[in-house]
Structure formats: structure tokens, C-alpha cells
Chemist: 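Below is the structure I would like to discuss, written out as C-alpha cells.
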Amino acid sequence: MNHYDYIIVGSGIAGLYIALLAIERGSVLILTKGSIDDCNTKYAQGGIAVAMGKDDSPELHFKDTMAAGDGLCDAEAVRILTDEAADCIADLINSGVPFDTLDGEITLTREAAHSVPRIMHAGGDATGEHIEVTLSRHVRSTPTKILENCLASEILVQNGKITGVRSLDCRTGSVEEYHCQFLILATGGAGRLFKYTTNSDVVTGDGIALAFKAGAEISDIEFFQFHPTVLRLPGVAPFLISEAVRGEGGILRNVEGHRFMPDYVAEAELAPRDIVARSIVYEMKKTHSDRVFLDATHLSPRLITTRFPHIYRFCRDHGLDITKELIPVDPAAHYLMGGVKVNNWGETNIPGLFAVGETACTGVHGANRLASNSLLESVVFSRRVVQRTEIATSSQSGQSSAASRHHSLPNRKPLSSAPSLNLPNLQSLMWDKVGIIRSDKSLEEAATILATWESLLPQPSDRPSYELNNLVLCARLVTEAALLRKESRGAHFRTDFPQNSPEWQQHIVFRKNVIK
Ligand SMILES: Cc1cc2nc3c(=O)[nH]c(=O)nc-3n(C[C@H](O)[C@H](O)[C@H](O)COP(=O)(O)OP(=O)(O)OC[C@H]3O[C@@H](n4cnc5c(N)ncnc54)[C@H](O)[C@@H]3O)c2cc1C
């Protein structure tokens, strides 16, 4: 069979949760380009935010989320996120996700920029893994058809409406078409754009590139969150040291042992991620070092080993006892706030095409995501997508309260000679020129090289070449949006425009062939 009611691309939290709801309503196919559990979801450590503590409320969660988003959150979407959170979490609990408890009560921790403890976690710091394992076990017990090692390579649109998706079997190289009524992109973010990232190697911006090529709108893509504390050990791939370590009292010190965060901001280690990440970069420059240290040695060893068993074990296996030694860290690319623009029902501007999870831009994160809101966003908006498909689909309704500026990608004259195009060069370019600290000069340089590379891209034929094509397109979108935004806001920081500007309280939206 190659016709389904729902085709879902991706098998992280968003794809799996949608599948569980959609299978009650029709036939479901999941396409996923690796094995079912190759995704970012399984790496999530800190947890999932929900206002259930005694001093908390959806209103307070709403306020914290809006504040983190730095003027660009869609208030209506945030209201949905915070109001519908408890219901969705109850569903995850009922599905069997083993959230941690103490004396029968769910335990909540605090993370940066949350006013109160509100992060639920599972297995201490293995929340994502528990969610992924639980949901995939459930999905496998349903009649959902799952095709692993199948990469969605093109969205099929006829007369302006979705008809299906083309897919590459990554093992045999054969190409198939699958048809559907509803196509749901749950392909995650684009962390592999950058040299240093916490993201899984499947996270290559495919959904965003495919949607853009099909005519969908891409919004807020200049906003990339860099996580401040990623383990830096020679020969060890970047490994996240959860924000919750700072939430429990961990302190940042420079190579001279000085606790530097209070020099930058009153909230110190619990300031928003962009501020902590930039402060670390400044401090590393100041001390001529490529790292700072996270100090958890004053915390009780029992707290560390029970609350962060995964981090503790990982570091110990690499020769570092974090109960006694400082943890060398620096920032790395972590989370994409923007993506495929959707309304409050996950609909894109193309009838029948939906996006959910990190690949979507619902507007809940604005210019900066509040920690632990992304797993929540995935479940809240997955549920809405399926609810929407029960009612006849409509075209896109309005999205954000802030205005939007619409653009197509500019044509740039390719350079006569450019560095050779390969994944490491692309990732270094993005890290060096479009990373934590940006400027007109660095962005212009990157934009020209990227446009040159785009003009040289060969026709893709296998998974690495499709991914490279998608990454180059996403890199162009991120860079051109960052160039257009002549201010600093949230995670987007430019040395030539270090302040935010009311004129820029607007979304940048890209679409193919925008007529001005
Ligand atoms: C280290 C780490 C820690 C984190 N900690 C937290 C946390 O504590 N709390 C929180 O809220 N968030 C956290 N996040 C963010 C959160 O994990 C992600 O935003 C979320 O899991 C995204 O889920 P998703 O389903 O949208 O995408 P993913 O889980 O990334 O899944 C994407 C899926 O799409 C598939 N795919 C991609 N392209 C294609 C294609 N072309 N064809 C077929 N399949 C494709 C992939 O193979 C994968 O299965 C963390 C992220 C990382 C990396």
C-alpha cells in the first residue's frame, strides 16, 4: 500500500506522539531516516516544563515564556502551550513515561529563567530517553507502518495541495512515492549546521528545506539557541551538561577559578541561555582560553549521582569525577527557535501540510526558548494537529501578534573561487561567522560563500548528499535572516547592532518567489 491518511516524517517525540493520536483516526505511515530512535528527543536531559508546583500557575509559566522570548512570542500560542500543558503531560504519564517522584509526588526542578521549580524529569537526567522508549514501544504496538532508513526527499504538491512525499531508501538507494491526505513534518531542528552542537547527526534541517522548496513559509530562522554548558574534553563529542546542574547550584568559573557570571548579570548562572553563552565567550577571550568550568564540587555527591546519573556516569567514563573535579565546558549550538511557519493548529500555508516539534515555528519561543518548553511544545501542538485533521482542513489562519516582513532568498553573485564545499567546511563557516556573536561583516562573508556553494551543489543521490543540500539551504536562510535583522534580540546578537530596536519587533518570513 502506498496511500495513507497520515504520513509523518520523523520519529522523535513529535512524530511518535502524533502517530499515537492519528492511528485512532486513520492509517499512518512514519518515515524516518535512521532507526526509530535516532533523534534529538532521546538526548533531552533536563525535562519538560509544566506548571504543577504549589507556587506555580499556567499564568506564571506564560509570563516566563513571554519574557524569555524577548518580544517575539506569539501570545496566543504561548497561552495554548501553558494552558494545555497539564492535560498533555497527564497523557504522557498515562502512557507510562516514568517521571521521577518523591513520596508519591512528581519532583520538580528549576531551570534558568523559570520563576519557580516546574521541570518534570525521568531517570534523573534521562527524560528524553524515557519518553522516546515509551512512545516508540506504544507506536510499535499499533498498526502504524514504520519505515526506517527512509529519507523524505521531496514534498509532492499538486494544484497547491499536498499529495504525498518522495522518499529515498538509504540502504538500497531506491526512490518511492507515498501518497496521503495529511503530511506532517516532524523532522526536528538544524543543529548540524554548526561545528559544535549538542544535536544528533540526523538533525540536518531537512523538513525546513523541503517545506521551503515546496512553497511553505519559514519564520524566525535567525534565532538559534546556543547552550552555554557543553562538556569539552579532547576527543569526546560535545555532550550536554544540563542547565539543571546550574539550577541545583552549579557555579561557572573561568580558568583562573573566578566565579564570573555575577560580573555580567544579577541572575548570574540562572540568567537566560543567550546571556550565559555570550558571557562565557567574553570570559574565554579575556582569559585566552577555549573553555570555562562548571563547578558542582560543593553540591552533595548524593545529589549529583541521583539527580544527574547520566551526566555523572558519562563524565566518569571519560575520566572526570564531577563530584570532585571541575567540568570543562563551552557553548554549542542547541535549539532552533524558528522553522516552518504554522498557525495554532500546526498548519502551514500549504493545505494538507503540517509541521510540529522543533521543525515548526509555532511562535511559542519567540527570539529565545525558555528551557524545557520544547518537549512540551511538541506534545501540545501534536495534539492540536490531529484535532485539526478531524475537522476539514482550512487554509492558514493568522499567526503572531507581531508583524512580519516577507522576503525571498536574495540572488547573490557567486564568488569566482570559494573554499571547497563539504560538511566540515560548512559547519566551521557557520560556527565562525553566523554563531553566537555575529556582525554585518561576518554575515556578509558567510552569505556570499553559501550562495556560491548553493550554485555548485550536485544533484543529491544518497543520504549525505541530500543532507548537505538541505543544510546549505538552511544555512542560507539563517544567514540572510541574520543579516536582515539589524538589531540584537534574544539569541540573535550582532556587535554592530548590540541593542534591540522596536522597529524590529517583527518576524522575518522567507518564502520562494515573494513579489515585492
Ligand atoms: C542534548 C539535548 C538536550 C535537550 N534537553 C531538552 C530538555 O531537557 N527539555 C526540552 O524541552 N528540550 C530539550 N532539548 C530539545 C528537544 O530535545 C528537542 O527540541 C525535541 O526532542 C525535538 O523533537 P522532535 O520530535 O521535533 O525532533 P527530533 O527528536 O530531533 O526527531 C526528528 C526526527 O526526524 C527524522 N528526520 C529528519 N529528517 C528526516 C527526513 N528527511 N526523512 C525522514 N526522517 C527525517 C530524524 O531521523 C528524527 O527521527 C534537548 C535537545 C538536545 C539536543
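Quantities reported herein were computed from a predicted structural model and do not represent experimental measurements. Atoms within a ligand are numbered from 1 in the order they appear, just like the ligands themselves. Along the sequence shown, residues are numbered consecutively beginning with 1.
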Chemist: Check for me whether Ile48 has a heavy atom closer than 4.0 Å to any atom of ligand 1.
Modeler: no

Chemist: Should one rank Thr41, Leu185, Leu370 by closest heavy-atom distance to atom 24 (P) of ligand 1, which comes out on top?
Modeler: Thr41

Chemist: Against Ile30, only a single residue in Ile184, Ile36, Leu16, Ile7 fulfils side-chain contact (heavy atoms from CB on, under 4.5 Å); can you say which?
Modeler: Leu16

Chemist: Taking atom types as modelled and ignoring hydrogens, do the side chains of Arg25 and Thr389 form a donor-acceptor contact shorter than 3.5 angstrom?
Modeler: no

Chemist: Verify the distance criterion only: is there a donor paired with an acceptor across the side chains of Asn40 and Ser200 at less than 3.5 Å?
Modeler: no

Chemist: Can you find a non-hydrogen atom of Glu132 under 4.0 Å from ligand 1?
Modeler: no

Chemist: Between Thr32 and ligand 1, does any nitrogen or oxygen pair lie at a separation below 3.5 Å?
Modeler: yes

Chemist: Between Gly46, Ala190, Gly47, Gly12, which one has a non-hydrogen atom sitting closest to atom 9 (N) of ligand 1?
Modeler: Gly47

Chemist: Is the shortest distance from a heavy atom of Thr127 to ligand 1 less than 4.0 Å?
Modeler: no

Chemist: Cys150: heavy atom below 4.0 Å from ligand 1, yes or no?
Modeler: yes

Chemist: Identify, with sequence neighbours excluded, every residue that meets side chain to side chain donor-acceptor pair (under 3.5 Å) alongside Ser136.
Modeler: none

Chemist: Taking the six-membered ring of Phe62 (Phe, Tyr or Trp), confirm whether the NZ or CZ of Arg79 is under 6.0 Å from its centre and within 45° of its axis.
Modeler: yes

Chemist: Suppose I only count heavy atoms of Asp206 and a 4.0 Å limit; which atoms of ligand 1 are within that range?
Modeler: 38 (N), 39 (C), 40 (C), 41 (N)

Chemist: For atom 51 (C) of ligand 1, what's the nearest protein heavy-atom neighbour? Residue, atom name and distance, please.
Modeler: His334 CE1, 3.6 Å

Chemist: What is the distance from atom CG of Asp100 to atom OG1 of Thr127, rounded to the nearest 0.5 Å?
Modeler: 7.0 Å

Chemist: Salt bridge check, Arg383 against Asp91: does any charged N sit closer than 4.0 Å to a carboxylate O?
Modeler: no

Chemist: Can Arg369 be said to touch ligand 1, with heavy atoms closer than 4.0 Å?
Modeler: yes

